[in-house]
Amino acid sequence: MAYNSYRPSQSSTPVVLNLIIINAIVFVAQLVFDKTGLDVTGGTGLGWLTSRIGLWGIGTGLFEPYQLVTHMFAHGGFFHILFNMYALWLFGSSLERLWGPKRFLIFYLVCGLAAGVTEMFLVPVGIAVGASGAIMGLVAAFAYTFPNVQFYILPIPFPIKAKYLAMIYAAFDLFGQFSGFGGNVAHFAHLGGLAMGLILCIIWKKTGRRNF
């Protein structure tokens, strides 16, 4: 868990707020509808709704194009959505205020799509849910834009700058993916979202943000 040494805002920005609301509604829908019908995977226990809106790997035979969008709004548990929505507010509020709602939303969705494509091809027999890939794009953008803002990561007793925080997250995902540590975390999705976020920021800087 990361705690920041600055205050993003006393009030939520509109796109961030609406994304949080949509994610919450979908999560409640998962809780309700996952218990009311059979999943589409032959009894895997995922539930009726999650098995349809989660992003299936390209090798499962269950992939549908719409899942590239819907998986960004589904989550695997209370703490999964809690931490993701906190990170969305933490990193997203400042970026939306800087870029404006339209640019921010496009950035968020592009990073989420990149995360999904990365995961579905590199983990072809799995399923992914969650906003984490899009949020890792926000982490990259925040670190690129505000590199020296300091955060505290429990249990480390000293502050870490945003640019190093992004590196720590990337290193954790690389280690987790290739070591098997971290259980069912979609590490490739995280890395895909982070890479896309960094690429977009570099392109914007070189070409001017008006061109986006």
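Counting begins at 1 with the first residue of the sequence. All values below were derived from every heavy atom in this structure, side-chain atoms included, with hydrogens, water molecules and symmetry-related copies excluded.
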Least distance between heavy atoms, M136 atom then D173 atom: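 Distance-wise, the nearest heavy atoms are CE-OD2, 3.8 Å.
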Any [X] side-chain heavy atom under 4.5 Å of [Y] side chain:
X	Y	answer
V16	F104	yes
Y66	R52	yes
N23	I81	yes
M120	H71	no
K161	N148	yes
F73	I25	no
M196	L113	no
I160	I168	yes

Kindly work out whether a path of hydrophobic side-chain contacts (I/L/V/M/F/W/Y, heavy atoms less than 4.5 Å apart) joins [X] to [Y].
X	Y	result
V28	L17	no
F142	I106	yes
I21	W89	no
V129	L62	no
L198	V149	no

Are there more than 12 heavy atoms of other residues, nucleotides or ligands under 6.0 Å from atom CZ of F146?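 Yes, CZ of F146 has more than 12 neighbouring heavy atoms, counting only those of other groups under 6.0 Å.
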For [X] and [Y], indicate whether the former's side chain and the latter's backbone hold a donor-acceptor pair under 3.5 Å.
X	Y	result
E119	G126	no
W99	L105	no
Q30	A74	no

Reported [atom1]-to-[atom2] distance for the pair [X] and [Y], which is rounded to 0.5 angstrom:
X	Y	atom1	atom2	value
N84	L19	CG	CG	12.0 Å
T50	I127	OG1	CD1	7.5 Å
M167	L174	CE	CG	13.0 Å
L68	F63	CG	CZ	4.5 Å
L191	Y169	CG	OH	14.0 Å
L88	Y108	CG	OH	5.0 Å

Which class fits the ring pair [X] and [Y]: parallel under 30°, tilted 30 to 60°, perpendicular over 60°?
X	Y	value
F178	F188	perpendicular
F91	F151	tilted
H187	H190	perpendicular

Which one of V15, T13, L138 satisfies the side-chain contact (heavy atoms from CB on, under 4.5 Å) criterion with L95?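 Checked V15, T13, L138 against L95; only one passes side-chain contact (heavy atoms from CB on, under 4.5 Å): L138.
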Looking at W204 versus Y144, is the centre-to-centre ring distance below 6.0 Å?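 Centroid distance W204-Y144: not below 6.0 Å, so no.
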